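Predicted, not measured: the structure shown is a model, and the values here were computed from it. In what follows, chains are A, B, ... by sequence order, proteins preceding strands, each numbered from 1.
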Amino acid sequence: MKRVVSVSLGSSRRDHKVKVALFGEEFEISRRGTDGNFDQAIALLQELDGKVDAIGLGGIDVYLYAGKTRYVVQDGLKLMQAVHKTPVVDGSGLKNTLERETVYFLRQNTDLLPPKTKVLMVSAVDRFGMAEAFTSLDCEVTYGDLIFSAGIPYPISTLEELEEIAHKTLPDMCQLPFHMLYPTGKKQEIQDEEKIKKFGHYYLEAQVIAGDFHLIRRYLPPLKGQTIVTNTTTTEDVAFLREKGAGHLVTTTPEFQGRSFGTNVIEAVMVALLQKPWPEITPEDYLNLLKQLDFKPRILKLN
Amino acid sequence: MAEHSEITASLRAFQEGYNKNKRLKKMNADWDRVVLVQANDIPSEHTLILRKGELTIQEGPPEKPDIKIISDSETLADMFYGDITPTQPYLNGTLKVLGTEDDVVRLDFISLMIWGE
């Protein structure tokens, strides 16, 4: 049996373990949250190193992208460098393939994403592939990176402006402690009511709200049937979105026993299956494997 | 060690960079803050006032600052001239920014938007 573990800076309340068979091989996939405790995450990674088949890093990104430029989040890199023997991934490789495919899938197979759909991406630099896919399908996209990560009420409306601002700011901002830019630990369990009042209208102006679930959740106002495109949702998250009035939930990663795991987990599973060093794995490798595994987005009608 | 006048000049350069950036003014239209800039190695205090996106500077301390920026005179002058970004001195403790985390991120962002590559 192959063991894949996701070590997350997120809340331990979301911990989960499942067993699945893929290509006839049994996988034990588990998620272990460290409640935002960076040192605990490092210690857990060191403990798992060499003892499991692949590790995913959750609740944090190591690599952000804007255009062809890659920015390295220093806290994420420190976590990655704590592991020496076991392959370790942050999900960014898979995001670039799987999440693009999800957007194309929605256009081709559903009526949830017609041309000119108003899309709010709460953050795009952590899933630039998805951002490019929405834009390529003639959606009217608002990139909320400044709004939801820096508290600046400035909606970015083109990928070019996103790249320009990223080029000026990300090399330095990626050095800040990650918790200053993204909700970690207990912050993932509560909503920021003040910012919901201030920024909630951006959600209501959109038909589709896409991106990282913790960011979406933290600033989510009562909705009017909007579609949510995200990943890493638990049964409680689905109930939360239903209660808030979301119309559909689309998760980019497959469901295992009632929940969709993060891209870091699925990428770690794929790395364990591919048996290739991570730097040698190409987007085509992921795409081929996705086809063979018949991974499709999960679409749930909520209201 | 920089002199008080050098810090004043650096703040004027920062103000000029800020005020000619229309986009930055728009971004900060909602962010009214009074900021104390204080050197910890020479007697030097300035006040930055952000109101409706406009930035003004005064010599001397404010009555009631929302944010305090404290560092040695050299770091302050280098930072407001854009020779260094605030991130490194902030991370190594040379620069102290007393305010909410949101305010710290926002100040860093403003500085990078003015002086970033």
Side-chain angles (χ1 to χ4, degrees), chain A residues 36 38 66-67 69 71-75 77-78 123 125 143-158 160-187 192-195 197-202 218-219, chain B residues 14 17-33 35 50-55 66-67 69 71 75 78-117:
Chain A
F38 196 83
T69 310
Y71 301 94
V72 182
V73 176
Q74 290 305 307
D75 272 357
L77 188 65
K78 281 180 206 161
S123 172
V125 291
Y143 306 103
D145 296 64
L146 294 185
I147 302 167
F148 301 107
S149 294
I152 298 168
Y154 183 82
I156 299 170
S157 55
T158 66
E160 291 72 25
E161 188 176 22
L162 179 72
E163 283 180 52
E164 180 237 334
I165 292 174
H167 182 67
K168 281 188 169 171
T169 59
L170 279 185
D172 265 77
M173 296 197 94
C174 281
Q175 295 178 44
L176 289 173
F178 195 63
H179 66 81
M180 292 177 75
L181 305 171
Y182 178 83
T184 59
K186 299 287 179 200
K187 275 190 187 172
D192 187 331
E193 295 297 339
E194 190 186 330
K195 284 192 181 160
K197 278 185 201 149
K198 202 168 167 185
F199 302 140
H201 66 95
Y202 291 112
R218 189 155 168 78
Y219 308 109
Chain B
F14 183 80
Y18 178 93
N19 281 336
K20 72 181 179 194
N21 189 327
K22 284 183 187 164
R23 184 172 58 171
L24 200 47
K25 286 200 231 180
K26 189 176 167 190
M27 287 175 177
N28 290 303
D30 71 317
W31 199 59
D32 291 351
R33 292 291 185 278
V35 184
L50 269 155
R51 284 271 179 271
K52 294 182 178 166
E54 296 290 330
L55 176 65
D66 301 301
I67 307 166
I69 297 175
S71 191
T75 299
D78 284 349
M79 195 172 72
F80 286 108
Y81 269 130
D83 293 338
I84 58 171
T85 67
T87 311
Q88 275 313 316
Y90 175 73
L91 291 175
N92 68 26
T94 311
L95 169 70
K96 294 203 178 344
V97 184
L98 308 178
T100 66
E101 274 193 2
D102 278 0
D103 284 347
V104 174
V105 170
R106 193 122 170 193
L107 278 173
D108 196 20
F109 177 83
I110 291 170
S111 170
L112 294 168
M113 284 298 289
I114 295 171
W115 303 122
E117 286 180 18

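- The minimum heavy-atom distance between B:Leu112 and A:Lys168, with the atom names listed, is CB-O, 3.8 Å.
- Residue A:Tyr154 holds its OH atom at 10.0 Å from CG of B:Leu24, rounded to the nearest 0.5 Å.
- Taking the side chain as every heavy atom from C-beta outward, A:Lys195 and B:Asp102 approach each other to under 4.5 Å.
- You'll find the side chain of B:Trp31 stays beyond 4.5 Å of the side chain of A:Ile152, heavy atoms only.
- Residue A:Gly151 comes nearest to B:Arg106 through the heavy atom pair O-NH1, 2.8 Å, listed as atom of the first residue, atom of the second, then distance.
- Distance check: B:Phe109 CZ to A:Ile165 CD1 gives 5.5 Å after rounding to the nearest 0.5 Å.
- Between A:Asp172 and B:Tyr90 there is no side-chain heavy-atom pair separated by less than 4.5 Å.
- Remark: A:Glu194 CD is loosely packed, at most 12 non-hydrogen atoms of other residues, nucleotides or ligands lying under 6.0 Å away.
- By the 4.5 Å heavy-atom criterion applied to side chains, B:Leu91 and A:Gln74 are not counted as neighbours.
- Between A:Met180 and B:Asp108 the shortest side-chain heavy-atom distance does not fall below 4.5 Å.
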